[in-house]
Amino acid sequence: MDAIVQKPTLVADSDSPAVVRPSREEALKAVRTLLAWAGDNPDREGLIDTPKRVVDAYAEWFEGYEADPAKELSRTFEDVQGYDDMVLLRDIEVESHCEHHMAPFLGKAYVAYVPTEKVVGISKIARVVEIFSKRLQTQEVLTNQIAGAIESHLKPAGVAVLIDAEHQCMTTRGVHHRHVSTITTRFTGVFKSDPAQMERFLKLARG
């Protein structure tokens, strides 16, 4: 009797139901279908290996579904010797895909928090941005998710997130407006209650 193999399930976030991930062969077949739908022959020489390349690219672009931001933020350091000012990371690369058209949006993230009793390695903040970016997203949700993860796991005095990105679904289709960037922000704690802190973050972030 053949063994029953269960396909892995993925959860985009806590508010989404788990979904069964199709097999690699099913994904390859889906790409071949799209190639034919576009009007080309999936069996011609130039397209023979395209399904494999596309599936491999998707595995890289959307690897954030298999990563856990909480794990990245779980290792903290409490020996801050009284440091209670802003920690700011500028120019974190954002490479994501819009959930409406699956088109890329590319830009930069600026993330700050004011620690209370603990800090986290700065690379972990960049990793949190990367994890949430490597999922199907809207920029507004992405901004909230980054701030929410830091707020939840570090319990800081405040969090500030700014993302500035260009959306290919706007530049390469539809209205075809190039060089239009979208800015989203999220402020919590002292960054929201103290206008001076917010202004300081915006000034430092924008250089």
Side-chain angles (χ1 to χ4, degrees), residues 6-31 33-34 50-75 89-113 120-154 159-174 180-188 205:
Q6 289 191 332
K7 296 178 180 179
T9 58
L10 298 174
V11 179
D13 55 60
S14 59
D15 297 324
S16 300
V19 296
V20 177
R21 166 171 272 175
S23 68
R24 181 177 174 83
E25 288 305 315
E26 289 172 319
L28 292 169
K29 183 178 179 181
V31 177
T33 298
L34 284 174
T50 296
K52 175 182 177 297
R53 297 189 188 102
V54 171
V55 170
D56 289 344
Y58 269 47
E60 181 178 344
W61 288 336
F62 302 119
E63 66 183 10
Y65 286 112
E66 296 184 334
D68 183 3
K71 181 179 179 181
E72 300 297 330
L73 296 172
S74 63
R75 185 182 181 189
L89 275 72
R90 301 193 307 182
D91 297 321
I92 305 171
E93 296 286 348
V94 171
E95 298 177 358
S96 194
H97 287 75
C98 116
E99 64 182 32
H100 300 136
H101 302 95
M102 297 183 75
F105 64 90
L106 309 172
K108 303 281 188 180
Y110 307 82
V111 181
Y113 72 101
V120 69
I122 56 176
S123 67
K124 303 303 183 183
I125 299 295
R127 178 63 177 145
V128 167
V129 173
E130 183 180 58
I131 288 172
F132 285 122
S133 295
K134 289 184 177 294
R135 301 178 182 184
L136 291 171
Q137 285 286 12
T138 66
Q139 187 173 323
E140 297 88 342
V141 170
L142 174 59
T143 306
N144 276 340
Q145 286 178 335
I146 294 167
I150 297 170
E151 181 83 14
S152 175
H153 296 287
L154 298 185
V159 179
V161 178
L162 182 151
I163 297 178
D164 185 350
E166 293 188 14
H167 292 246
Q168 300 300 306
C169 60
M170 181 177 177
T171 62
T172 63
R173 58 160 301 283
V180 176
S181 68
T182 299
I183 295 175
T184 51
T185 59
R186 172 69 169 157
F187 301 103
T188 73

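Values in this document were obtained by computation on a predicted structure and should not be read as measured data.
Counting heavy atoms from C-beta on, the side chains of I183 and L162 come closer than 4.5 Å. Contact check for V141 versus F132: no side-chain heavy atoms found under the 4.5 Å cut-off. The shortest distance between side-chain heavy atoms of R135 and L142 does not fall below 4.5 Å. In this structure the side chain of L89 never reaches within 4.5 angstrom of the side chain of V129, judged on heavy atoms. Looking only at side-chain heavy atoms (C-beta outward), K52 and R24 come within less than 4.5 Å of each other. With contacts defined as side-chain heavy-atom distances shorter than 4.5 Å, the pair R186/V111 does not qualify.
Exactly one residue among H167, E140, E166 makes a side-chain contact (heavy atoms from CB on, under 4.5 Å) with T182. That residue is H167.
For L136 against C98, the heavy-atom pair with the smallest separation is CD2-O, 4.0 Å. Residues V31 and P51 approach most closely at CG1-CA, 3.6 Å, considering heavy atoms. For L73 against A149, the heavy-atom pair with the smallest separation is CD1-O, 3.5 Å. The two residues Y113 and V120 come nearest to each other via the heavy atoms OH-N, 3.2 Å.
The distance from atom CD of Q168 to atom NE2 of H101, rounded to the nearest 0.5 Å, is 12.5 Å. Atom OG1 of residue T185 and atom CG of residue N144 lie 9.5 Å apart, to the nearest 0.5 angstrom. Distance CD1/I146 to CD1/I92: 7.5 Å, rounded to 0.5 Å. To the nearest 0.5 Å, atom CD1 of residue I163 and atom CZ of residue F105 are 7.0 Å apart. Note that the NZ atom of K124 and the CG atom of L154 stand 12.5 Å from one another [nearest 0.5 Å]. In this structure, K108 NZ and S181 OG are separated by 13.0 Å, a value rounded to the nearest 0.5 Å.
Every ring-ring contact (aromatic ring centres under 6.0 Å, His included) that F62 has, sequence neighbours left out, goes to Y58, H97.
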| request: Would you sort out whether R127 and E130 count as a salt bridge (Lys or Arg N to Asp or Glu O under 4.0 Å), showing the intermediate values? | output: CA-CA 5 Å; R127 178 63 177 145; E130 183 180 58; 2.4 Å; yes

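Panel note: side chain Y110, backbone A160; no donor-acceptor pair is recorded below 3.5 Å. A donor-acceptor pair is defined here as one N or O able to donate and one able to accept, closer than 3.5 Å; no such pair exists between the side chain of S152 and the backbone of G148.
Counting non-hydrogen atoms of neighbouring residues, nucleotides and ligands closer than 6.0 angstrom, the CG atom of L34 exceeds 12 such neighbours. Open room surrounds CD on E95; 12 or fewer heavy atoms of other groups in view lie less than 6.0 Å from it.
A donor-acceptor contact closer than 3.5 angstrom is absent between the side chains of S96 and Q137. Under the 3.5 Å distance criterion, with hydrogens and angles disregarded, a donor-acceptor pair is assigned to the side chains of T188 and E151.
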